[in-house]
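To start, the structure under review is shown below, and the notes come after it.
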Amino acid sequence: MQILDGKTLSVTLQREMADEVDQFLADGKRAPHLAAILVGSNPASKVYVGHKIKACTRVGIQSSLVDLDAEITEEALIEKITEMNEDPSIDGFIIQLPLPRHINPEKVILAVDPSKDVDGFHPTNMGKMALGIDTFVPATPYGILLMLERYRITTSGKKVVVVGRSNIVGTPMSILLSRNAPFGNATVTLTHSRTKDLRAQLLQADIIVAAIGRERFITRDMVKDEAIIIDVGINRIVDETKKSGYRLVGDVDFENVSDKCSFITPVPGGVGPLTVAALIKNTLKAYKNTFK
Ligand code: GUN
């Protein structure tokens, strides 16, 4: 069994990108700039945005955090987005999800200029991604592709089962892995809450991508020998031995499943850090597009 070490790989990718930024600066160009909008004070969202801002600093990318009150109206948020669309000093920006319940995320995503949509969530970018046209690929699936690439894990002809059909992870992941492209060409089954006999599906999988959001949901009896497991879940569970009072576990019961796998991502330290590296890659792409 080999651990897919997302943390170390993310550091490597960030170092590569830092070299690239250094070169732009040496050529007399301005630094790239990523902005993040955070609405309200969801503790997990604050942590994730913090990781993204810190990564920007490491790579030499300017960052700004727009911290908005949880009570902000949808109209005021969209006005802020329009301002950022029109601000030439910003190459790309994200709106950290989830949003408070009174705000419709679809309307918000539609308001983002697709050329600055470094999350790749706008329908224009989702559509391009689905058609295999070069664009911003959502950071979590993109990070997973980078992981497969760097660990030389091939997908062609393999049976992949993706668990969870979210717009952010499951749906784009299933499309990317089935494309006729590098790190595609897999036979993909997208499973969800209405899937009958998930265990039978999973037992056939060469690769499992778990993006359900339920702690340790995938157990030893659901995984075939030598399977490759990509665990996207980040679930907080109570742990009185920790200062914070909680610890993070994935959607896979790592402790009991890992010795059966050929490769598996840990939580934390697997997919999460690569999501950050992928977002930074998309930001560099947006920046470079401004010179075209
Ligand atoms: N919430 C969970 N994952 C993501 C992500 O990739 N981008 C944004 N903006 N919000 C998220």
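Index from 1, following the sequence. Atoms within each ligand, like the ligands themselves, are counted from 1 in listed order.
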Co-membership, hydrophobic cluster, residues L110 and L97, 4.5 Å side-chain: no
Aromatic plane relationship, F24 with Y287 - under 30° parallel, 30 to 60° tilted, over 60° perpendicular: perpendicular
R236 side chain reached by S244 side chain, heavy atoms, under 4.5 Å: no
Any donor-acceptor N or O pair under 3.5 Å, side chains S63, H33: no
Nearest neighbour in protein (non-hydrogen) for atom 4 (C) of ligand 1: Q96 NE2, 4.2 Å
Part of L97 within contact of ligand 1 (heavy atoms, under 4.0 Å): both
4.0 Å heavy-atom contact, Y48 with ligand 1: no
Heteroatom distance test (D119, ligand 1): nitrogen or oxygen, under 3.5 angstrom: yes
Ligand-residue contact atoms, ligand 1 with I95, heavy atoms, under 4.0 Å: 8 (C), 9 (N)
Pairing of D91 and K288 as salt bridge, 4.0 angstrom limit: no
